[in-house]
Amino acid sequence: MSTLFQGGHLLSILIFFPAIGALALLLLRGDDHLFIRRIALIVSVAEFLFSLLLLRGIPLNSGEYRLVENFNWITVPPIHYHLGVDGISLFLVILTTILTPISVLASWSSINHRVKEFFVMLLMLEVGVVGVFLSLDMFLFFLFWEVMLIPMAFLIGIWGHDRRIYAAVKFVLYTMAGSILMLVGIIWLYNATGTFDLPTIQQMLQSGALTLEPRAEMLLFLAFFVAFAVKVPLFPLHTWLPDAHVEAPTAGSVMLAGVLLKMGTYGMIRFCLPLFPEAARRAAPWVAALAIIGIIYGALVALVQPNLKKLVAYSSVSHLGFVVLGIFAFRNISMQGAVYQMLAHGISTGALFLLVGMLYDRRHTFEITEYGGLATPMPKMAAFFLFAALSSLGLPILNGFVGEYLILLGSYQAHWQWASWAALGVILSACYLLWSYQRVFFGEVTHEKNRALPDASAREKFILVTMSVLMLWMGVGSAFFTNRTAAASQTVIDQVEPQRPYEAAAPSTAPAAPKNIAHAAKINPRMESAAR
Amino acid sequence: MFPNTDDILRVLPELLWCGFGMLCMLLQPFVRNRHFFTGLALVGAAAGTGAAFVAGATPGQGFGGLIESDVFSFFFRLLIGLVSVLVILASNSYLDREKLPFPEFFGLVLFATAGMGVLASAHELLTAFIGLELSSISSYILAGFRRDSTKSSEASLKYFLLGSFATAFFLYGIALVYGASGTTNLGRMDDADPTSNLLKLGLSMILIGIGFKVAAAPFQIWTPDVYEGAPTPVTALFSAGPKAAAFALLLRIFGSVPAATHFWFWAFWVLAVLTMFAGNLGALLQTNVKRLLAYSSIAHAGYILVAFAAVTFMANDLNGGATPAYAAILFYLLSYALVKIGAFTIVSEIGGAGEKNLSIDDYAGLAQRQPVAAAALSLFLLSLLGLPVTAGFFGKFYIFKAAVNSHLIWLAVLMAINSVIGAYYYLRLIVVMYMREGSAEAMAAPAVRFPVAVNVVLAVTVIGTVYFGLFPNQVLNFILQPNLIAR
């Protein structure tokens with residue numbers, strides 16, 4: 001027991017605990033739905049509590065991998081079961097473990113069909129995602145990366161909406177096309193280094209024991225990058241995302257937007273930058289250009305969407321563009337911003353998908369024109385929706401602001417043009433979110449059916465309050481996060497641009513954000529009351 | 001001259017398989033109980049497999065260099081024996097259902113097994129020819145075993161005609177190789193001039209002959225028809241056994257004979273690419289599950305040929321550079337055999353009497369009617385697709401590794417593209433099983449109960465697929481030993 005709390009096998013427990021839960025569910029008889037839901041909830045909440053133990057394992061300002069577990073798994077070729085966590089993966093794991101119980105709750109009454117399988121798939125998805133974030137062996141990483149596909153495809157394909165099968169197959173094929181090239185890249189890298197172990201390869205690169213010729217490095221970079229870019233999704237590889245999101249059940253969308261997309265950006269931080277720094281530097285302008293196109297394009301398409309869920313899906317394309325831009329600006333501040341934006345996007349877009357799902361549960365449509373004036377029958381829901389929308393559009397004091405601000409600051413330091421173009425996305429996101437909010441919730445009730453819609457139930461209120469508290473806390477208490485991500489981000493930056501001094505970024509960052517937020521805090525209540 | 005004991009021990013597996021095969025035939029008039037023959041065949045197949053250990057314990061050449069008992073043949077005898085045991089277990093209920101004669105069927109299965117064993121351990125081209133004929137002729141008859149079905153007869157005839165043609169190529173190739181090198185013994189070809197055109201012509205004819213057996217494009221045309229027409233357990237046998245044995249021979253010739261040089265690399269490269277695309281593109285359009293799996297096995301032959309390209313690329317490397325590629329081929333064949341037998345066994349049971357439920361639409365809603373069968377079939381399909389935690393993933397991974405190891409990056413990329421094409425049709429079947437509702441009558445029909453023997457087959461194949469997907473170590477360490485193929 002003591003080893004557990006020193007972090008002996010904490011990471012393994014985090015990966016396999018949901019798998020055990022899923023197995024237990026599988027062995028249950030399928031007819032007592034309530035019991036199954038309760039078990040799934042207990043398992044996912046326990047997993048969340050376990051993941052909080054990670055916070056004790058990571059000291060502040062430590063850029064190294066912690067809680068490392070390293071065993072030989074396969075001898076030929078040498079594949080290790082190598083796990084570790086640092087400031088970047090730490091919060092992504094916690095994001096995953098918090099969104100899973102939320103997803104369980106969100107599916108409480110909307111999933112009535114093949115209930116057991118649903119929760120089994122949800123928990124297996126958690127296994128895959130947590131595994132991806134914790135693996136330090138490229139082979140192990142790839143394994144979890146692929147394993148995660150199947151539960152997600154099933155979630156979309158079985159419990160989704162009308163075009164679910166098309167969306168599920170498209171999702172799998174897109175991701176697989178990218179990842180199989182990554183496998184070739186992984187093997188190629190293994191051939192050059194003789195190991196799949198990520199820290200070992202990083203060491204070899206830094207000590208000069210391994211040098212890749214520019215062309216090979218670029219090809220390898222692309223092999224990894226394309227796999228991650230599909231997942232992010234980076235323009236123009238994003239076309240699977242709207243389909244997958246619109247067709248997925250609410251829990252599927254929450255997990256997809258909340259954590260699965262982050263696997264792509266996480267992969268860029270963890271693999272593309274440290275392993276292929278030269279290629280990353282050469283590719284940076286192109287990647288940044290694609291990211292900026294994605295930001296603006298995603299926002300413009302969201303602006304004209306008649307479908308509320310698709311609107312939120314395209315807003316993800318736009319927001320994830322910010323993350324990629326932040327990563328490829330190669331500044332500590334923007335890197336931290338990227339990590340922050342990943343978390344913030346997970347929470348606020350997750351909340352938006354939850355809200356859209358709740359509307360769907362009531363009216364079975366995503367069309368904006370079917371709604372209108374909903375603030376009258378359901379004022380609480382309207383308030384929560386506004387809160388989530390404001391957080392998503394980056395209102396100061398809420399979480400979205402911190403990430404976008406840091407990213408813009410960092411990319412401004414790199415190239416002021418990048419920041420100015422990307423800032424358009426901030427403006428546009430305010431347009432599409434507020435405009436759609438206005439069309440859905442304000443004005444007269446246009447459809448008779450909408451007049452008697454029930455407001456948020458106790459379960460829904462619990463979900464939404466949790467999410468709102470998180471948004472607010474992340475907006476105000478950003479230092480809690482940045483204290484832990486700063487050193488890890490710097491480790492990555494050091495590997496890409498060794499000459500970049502640490503001082504230039506970190507001290508100015510952490511205080512900067514709270515100051516702005518404190519200033520903005522006064523504005524916010526008025527805006528909310530005005531909205532009502 | 002009576003052969004000495006060691007010689008006998010070195011061919012003991014084949015002797016036992018043949019002996020029990022004949023016993024099945026001879027006892028037919030005297031024993032009424034059909035299931036007796038299942039037991040007898042099972043004992044025979046298992047005894048032969050057990051005898052592989054005896055043969056493996058007496059390494060060396062037998063009968064003056066006709067047969068080689070080395071680690072390589074030990075591995076393939078075990079694999080073929082396992083295939084045989086599983087196929088016999090899976091056919092029991094099928095034969096019952098289709099009212100087909102037991103003794104002949106099992107006799108032929110055992111003869112085919114013996115033929116494959118000879119093929120895998122032959123150290124002399126003429127011995128290999130005998131093995132090829134023994135396994136092929138049994139296969140032709142087995143393909144047409146459902147005599148009252150026109151499809152089955154068509155399959156048999158097609159297989160026979162094209163197969164004889166291929167055998168002729170093989171034989172002619174042997175003659176030319178003999179002309180060029182003065183020997184047909186694989187161990188004595190060191191002196192042959194590898195640049196001689198006659199030798200090249202002979203080897204390419206041998207390659208065509210074996211290429212037919214393993215269904216490599218452009219010699220694959222027979223595969224879908226034969227796989228579709230043959231009784232399903234026989235299809236399981238075809239897809240796992242003869243393929244493994246023929247690849248074993250191919251590897252013994254092109255992997256270990258000095259006369260087979262780097263020159264052959266491009267031949268395998270082209271064959272591999274053609275075969276992968278022919279199989280995967282063909283499978284996209286199929287609506288019959290047996291045909292789908294047939295095309296998939298063409299595609300998989302293509303993947304294995306990728307490893308062959310890696311082997312021949314390293315042919316001039318004497319420091320064991322090709323060893324990982326050998327290991328990749330052997331591991332792939334093992335994982336592939338498990339998966340294909342499992343998949344065809346399920347197809348056979350779902351097919352029902354007269355093999356009528358073979359269309360993909362018949363699988364709609366299977367996950368709700370028969371969750372276990374659907375889950376097992378999905379596992380097999382995911383393994384064919386090459387998803388982690390299945391043996392198929394490691395198989396594919398090792399082939400990728402072998403290809404990259406030999407700097408065949410483009411071939412690896414083409415294989416990657418093919419894997420994605422393959423993913424589409426494997427997923428299609430999974431999607432149908434899990435995400436479509438079956439027709440009302442299909443859903444109302446009682447679930448097919450699988451007999452115990454079939455459940456044993458499925459348990460073995462499922463456990464094997466997952467086990468080798470998690471812990472490929474033991475097998476790999478075994479096949480990675482330097483003296484895998486005795487020279």
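The shown structure was predicted, so the numbers you read here are calculated from the model rather than taken from an experiment. Hydrogens, waters and symmetry mates play no part in the numbers below; they use all other heavy atoms, side chains included.
For the set A:L219, A:I79, A:V184, the entry with the most heavy-atom pairs within less than 4.5 Å of chain B is A:V184. Of the listed residues (B:L476, B:V389, B:V431, B:I430), the one with the most heavy-atom contacts under 4.5 Å to chain A is B:V431. Between chain B and the options A:S179, A:G160, A:A177, heavy-atom pairs under 4.5 Å are most frequent for A:A177.
At a 4.5 Å heavy-atom cutoff, the contact between B:Y398 and chain A is made by side-chain atoms alone. Only the side chain of A:Y190 comes within less than 4.5 Å of a heavy atom in chain B; its backbone stays farther off. If you measure heavy-atom distances from A:A223 to chain B, you find no contacts under 4.5 Å at all. In this structure, no portion of B:I421 lies under 4.5 Å from any heavy atom of chain A. Proximity to chain B (any heavy atom under 4.5 Å) is shown, for A:I74, by both the backbone and the side chain. Contacts between A:W159 and chain B at a heavy-atom distance below 4.5 Å are absent for every atom of the residue. With a threshold of 4.5 angstrom between heavy atoms, A:I186 does not approach chain B through any atom at all.
Just one residue in the list A:D197, A:N72, A:D137 forms a side-chain hydrogen bond (donor to acceptor under 3.5 Å, both in side chains) with A:H82, and that residue is A:D197. Across B:Y425, B:Y295, B:Y424, a single residue satisfies side-chain hydrogen bond (donor to acceptor under 3.5 Å, both in side chains) together with B:N280, and that is B:Y425.
Residues A:H113 and A:F118 keep their aromatic ring centres 6.0 Å or farther apart. The ring of B:F400 has its center no closer than 6.0 angstrom to the ring center of A:W188. Ring centroid separation for the pair A:F271 and A:F225 does not come in under the 6.0 Å cut-off.
Here the side chain of A:E69 pairs a donor or acceptor atom with the backbone of A:S12 at under 3.5 angstrom.
Environment of CG in A:N112: crowded, with over 12 heavy atoms of neighbouring residues, nucleotides or ligands closer than 6.0 Å.
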